[in-house]
Amino acid sequence: MFYLRLPDVAFIEMDDVLKNVSIHIDKETYESAPSTLDVLILNDSDVDITTESVYEISKLESDDWIKLDMRNVNLAQRSHSISAGGRERISIDLFSEQLVYSKGTYRIQLFFSFEWGTFEQEVEVTILE
């Protein structure tokens with residue numbers, strides 16, 4: 001098998017991405033579910049990454065994360081390319097008019113890809129009512 005790069009590079013780059021890509025939100029607590037969530041993605045790795053067009057929202061119930069049923073919503077989120085050392089602010093639709101948000105803690109998982117693989121990052125928000 002012929003590789004353009006050594007296979008070990010894949011592990012080095014995955015380690016770099018996992019340590020140096022992060023997502024942040026300005027606000028973690030809301031009175032009620034917002035319609036969108038602004039997320040800042042920081043890519044302090046040495047690798048270009050791309051956001052995937054799908055994401056997941058889960059609610060913390062006891063000690064388990066329960067995924068919200070998002071089958072009836074249009075996850076037409078466009079993907080974003082973020083260069084090594086770059087940053088991008090994106091808006092995530094929480095579908096607050098279609099999904100039921102009750103009081104509690106919610107996790108939003110974003111999925112990313114790069115040349116050698118995929119990974120995910122998450123943020124948590126609290127809804128007070």
Side-chain angles (χ1 to χ4, degrees):
M1 187 174 275
F2 177 74
Y3 292 99
L4 295 177
R5 299 166 90 183
L6 295 174
D8 290 343
V9 170
F11 295 107
I12 293 167
E13 287 183 355
M14 178 60 88
D15 189 51
D16 178 38
V17 166
L18 292 176
K19 288 180 182 175
N20 296 306
V21 173
S22 58
I23 61 176
H24 307 273
I25 52 178
D26 294 330
K27 186 175 177 182
E28 296 176 355
T29 304
Y30 294 87
E31 290 297 321
S32 59
S35 58
T36 60
L37 186 67
D38 290 329
V39 178
L40 175 63
I41 303 166
L42 300 176
N43 181 9
D44 292 326
S45 75
D46 296 326
V47 180
D48 295 343
I49 62 172
T50 302
T51 63
E52 298 294 321
S53 60
V54 297
Y55 52 94
E56 292 179 354
I57 303 171
S58 303
K59 183 178 183 195
L60 184 61
E61 298 281 352
S62 298
D63 291 330
D64 297 318
W65 288 104
I66 309 300
K67 290 181 188 176
L68 298 187
D69 182 359
M70 298 177 69
R71 289 179 291 187
N72 295 324
V73 296
N74 180 10
L75 281 175
Q77 177 84 12
R78 81 175 183 93
S79 59
H80 299 266
S81 295
I82 306 162
S83 299
R87 61 182 53 210
E88 180 87 19
R89 186 169 294 277
I90 65 172
S91 184
I92 301 295
D93 192 340
L94 297 183
F95 304 101
S96 57
E97 293 185 13
Q98 292 122 317
L99 300 174
V100 176
Y101 287 91
S102 57
K103 180 179 180 177
T105 301
Y106 292 83
R107 175 179 70 186
I108 295 87
Q109 291 176 284
L110 302 180
F111 300 93
F112 299 86
S113 61
F114 68 106
E115 182 179 7
W116 294 103
T118 60
F119 65 100
E120 63 188 61
Q121 293 283 323
E122 60 190 49
V123 292
E124 292 179 14
V125 296
T126 300
I127 307 297
L128 298 178
E129 56 177 67

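Because only heavy atoms are used, hydrogens play no part in the values below, and waters and symmetry mates are left out as well, while side chains stay in.
- Grouped with Leu40 in one hydrophobic cluster are Leu42, the linkage being side-chain heavy-atom contacts under 4.5 Å among Ile, Leu, Val, Met, Phe, Trp and Tyr residues.
- The side chain to side chain donor-acceptor pair (under 3.5 Å) check on Ser32 picks up nothing, with sequence neighbours excluded.
- The side chain to side chain donor-acceptor pair (under 3.5 Å) search around Lys19 returns Asp15, not counting sequence neighbours.
- Within the model, atoms CD1 of Ile25 and CD of Glu124 stand 9.0 Å from one another, a figure rounded to the nearest 0.5 Å.
- Legend: residues meeting ring pair (Phe, Tyr, Trp, His ring centres under 6.0 Å) with Tyr101, ordered by chain and number and at least two apart, are Tyr106.
- A side chain to side chain contact (heavy atoms under 4.5 Å, CB included) with Gln98 holds for exactly one of Val73, Asn72, Asp93; it is Val73.
- Under the rule for a side chain to side chain donor-acceptor pair (under 3.5 Å), Glu122 has no partner lying at least two apart in sequence or in another chain.
- For the pair Asp48 and Thr50, the minimum side-chain heavy-atom distance is 4.5 Å or more.
- Between Ser102 and Lys59, the side chains place a donor N or O and an acceptor N or O closer than 3.5 Å (distance only, hydrogens not considered).
- The environment of Asp69 atom CG is dense: over 12 non-hydrogen atoms of other residues, nucleotides or ligands sit within 6.0 angstrom.
- Clustering of Ile, Leu, Val, Met, Phe, Trp and Tyr by side-chain heavy atoms under 4.5 Å joins Leu60 with Trp65.
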Tell me, with the steps shown, if Glu56 and Lys67 meet salt bridge (charged side-chain N to carboxylate O under 4.0 Å, His left out).
-> CA-CA 7 Å; Glu56 292 179 354; Lys67 290 181 188 176; 3.3 Å; yes
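- For residues 22-42, every residue pair satisfying the salt bridge (Lys or Arg N to Asp or Glu O under 4.0 Å) rule, not counting sequence neighbours, is listed here: Asp26-Arg89.
- Qualifying side chain to side chain donor-acceptor pair (under 3.5 Å) partners for Glu52, counting only residues two or more places apart in sequence or in other chains: Ser113.
- Checked against salt bridge (charged side-chain N to carboxylate O under 4.0 Å, His left out), Asp64 has no partners two or more places apart in sequence or in another chain.
- Across every non-hydrogen atom of Asn43 and Ile82, the tightest pair is ND2-O, 3.1 Å.
- With sequence neighbours excluded, no residue forms a ring pair (Phe, Tyr, Trp, His ring centres under 6.0 Å) with Phe111.
- Not counting sequence neighbours, the partners of Phe112 by the ring pair (Phe, Tyr, Trp, His ring centres under 6.0 Å) test are Phe119.
- Legend: residues meeting side-chain contact (heavy atoms from CB on, under 4.5 Å) with Thr36, ordered by chain and number and at least two apart, are Ser91.
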